[in-house]
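First up is the structure itself, then whatever we jot down about it.
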Amino acid sequence: MKIIQNDSGERLYETPYGVFPSVTTILKATMPEEQKNKLFDWRKRQGKKADVIREEATQRGVAIHELIE
């Protein structure tokens, strides 16, 4: 499986069955506007700490995906 990242930062997976967006890409595209606003407000309240929290969550997600694969 090949991972592709397009110009807008969306991650796609190239499989023998076609090219598919990542779960994160789908969730971002379908997230209600109210939820996007809440997330934006949370990031604003957290300041630079939000980036640390997001990076830690990303690392956990990558580790879980690797274990599953």
message: Listing request: all side chain to side chain donor-acceptor pair (under 3.5 Å) pairs with a residue in residues 18-28, at least two apart in sequence or in separate chains.
response: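 Only Ser22-Thr25 qualify under side chain to side chain donor-acceptor pair (under 3.5 Å).
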What residues form a salt bridge (Lys or Arg N to Asp or Glu O under 4.0 Å) with [X], not counting sequence neighbours?
X: Glu56; value: none
X: Lys36; value: none
X: Arg11; value: none

Side chains of residues 39-53: which donor-acceptor partners sit under 3.5 Å, not counting sequence neighbours?
unit_1	atom_1	unit_2	atom_2	d
Arg43	NH2	Asp51	OD1	2.8

Co-members of the apolar cluster containing Val19 [side chain, <4.5 Å]: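 Its cluster partners, ordered by chain and number, are Ile4, Leu12.
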query: If you link I, L, V, M, F, W and Y whenever their side-chain heavy atoms are under 4.5 Å apart, who else ends up in the same group as Phe20?
result: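 Members alongside Phe20: Tyr17.
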Residue list, side-chain hydrogen bond (donor to acceptor under 3.5 Å, both in side chains) with Glu33, at least two apart or on another chain: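 Testing Glu33 for side-chain hydrogen bond (donor to acceptor under 3.5 Å, both in side chains), a comparison that skips the adjacent residues, returns none.
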- prompt: If you draw a 6.0 Å radius around CD in Gln59, do more than 12 non-hydrogen atoms from other residues or ligands fall strictly inside?
  reply: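 Count over threshold, so yes.
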